Amino acid sequence: MTTVGIPAGWPATEEEARAVQDELRGRVVLDESGPPPGTGRVTGVDVAYDDERDVVAAAAVVLDAASLDVVAEATAVGRISFPYVPGLLAFREIPTVLAALDALPCPPGLVVCDGYGLAHPRRFGLASHLGVLTGLPTIGVAKNPFTFAHDAPGAARGSASPLLAGTEEVGRALRTRDAVKPVFVSVGHRVSLDNACAHTLALTPAYRLPETTRRADASCRRALQDATIRH
DNA sequence: GCGACAG
DNA sequence: ATCTTGTCGC
């Protein structure tokens, strides 16, 4: 486990944070399809908080994309770098997530984020931001709808309905389990939406949420506990 | 102006 | 995100 502080020059206000998004947005790569599902490695990242003690813990868990077995894992803890503001989630999660990714002993392959990428008010959600900063292919899989309305997808696993920004499809509500609430998939960096959905289905053989985020969620909670017991 | 709002 | 027990169902 590694420890991180708040990066120098990190935005201190919402206005500064929005300016950073507006500047970095142009670096997102949307014309690559990304690695094929079921090959190589897929990494889940997630973060847990103790606002009382100003502690944040992040985890990066690398899975073999074919077997979904865990092949590597790393965690990091730090101070909370930004308050939760809808639309600015990345500024709260990214410093610790980057530290966890840096601590991995192997390349992460495709990174699956908890939250949105393109389907964001300024088209630059957490998955987009993490992709631009690392250069890695990223996608966002969120548990709840955010800024874009959608029709309910069909009841069968695999059914999807678009998240529309006008006529532009910025993401999809994707059913990963029959008759269970869908997840919300959007592109981060260097991955197509079709491929992002294919990855999401490959990562959900048994549960609504991708194995990557389930593993990362459990891992960062443990890390927060370990960092928070006593002191 | 009012409500909604990823994690 | 987080606070939190049991309970219904496959």
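In what follows, chains carry the letters A, B, and so on, assigned in the order in which the sequence lines appear, proteins first and then strands, with residues in each chain numbered from 1. Quick caveat: nothing in here was measured; it's all calculated off a predicted structure. The figures here come from the full heavy-atom set of this structure, side chains too, leaving out hydrogens, waters and symmetry mates.
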According to a strict under-4.0 Å criterion, is Lys143(A) in side-chain N/O contact with OP1 or OP2 of dA6(B)? no
Hey, does Pro145(A) reach any base, or is it just sugar-phosphate, or nothing, if we go heavy atoms under 4.0 Å? sugar-phosphate
Would you say the side chain of Thr200(A) lies within less than 4.5 Å of the side chain of Ile139(A), judging by non-hydrogen atoms? yes
Separation of Leu88(A) atom CG from dA1(C) atom C1', in whole Å? 16 Å
Side-chain touch Ile94(A)/Trp10(A), heavy atoms, less than 4.5 angstrom: yes
With respect to the side chain of Pro86(A), which nucleotide from dA1(C), dG7(B), dC5(B) is positioned closest? dC5(B)
Distance only, no hydrogens: is a donor on one side chain within 3.5 Å (strictly under) of an acceptor on the other, for Thr75(A) and Arg222(A)? no
So what does Gly87(A) hit on the nucleic acid, given a heavy-atom distance under 4.0 Å: a base, only sugar-phosphate, or nothing? base
Atom-pair distance (OH on Tyr116(A); C1' on dA6(B)), nearest Å: 6 Å
Using whole Å, report how far CD of Glu52(A) lies from P of dA1(C). 18 Å
To the nearest Å, how far apart are Leu224(A) CG and dG7(B) P? 18 Å
For the base of dG7(B) and the side-chain ring of Tyr84(A), does the geometry meet a stacking cutoff of under 5.5 Å between centres and under 30° between planes? yes
How is Ala48(A) classified with respect to the nucleic acid when contacts are heavy atoms under 4.0 Å: base, sugar-phosphate, or nothing? sugar-phosphate
Length of the CD-C1' vector between Gln225(A) and dA1(C), whole Å: 14 Å
Between Asn144(A) and dC5(B), is there a contact of a side-chain N or O with OP1 or OP2 at under 4.0 Å? no
How many Å lie between CZ on Phe184(A) and C1' on dC5(B), as a whole number? 13 Å
How close do Phe148(A) and His120(A) get, counting heavy atoms only, and between which atoms? CE1-N, 3.6 Å
May I ask you to verify if any side-chain N or O of Tyr49(A) is less than 4.0 angstrom from the OP1 or OP2 atom of dG7(B)? no
Asp51(A) near the nucleic acid: base, sugar-phosphate alone, or nothing, with a heavy-atom cut-off under 4.0 Å? nothing
Taking the inter-plane angle between the rings of Phe91(A) and His129(A) on a 0 to 90° scale, is it parallel (under 30°), tilted (30 to 60°) or perpendicular (over 60°)? perpendicular
Within less than 4.0 Å of OP1 or OP2 of dA1(C), is there a side-chain N or O belonging to Arg221(A)? yes
Whole angstrom is fine here: how far is it from CZ in Arg122(A) over to C1' in dC5(B)? 12 Å
Starting from P on dA6(B), measure out to CG on Leu118(A) and report it in whole angstrom. 18 Å
Of all the nucleotides listed (dT2(C), dG7(B), dA6(B)), which has the minimum atom distance to the side chain of Glu93(A)? dG7(B)
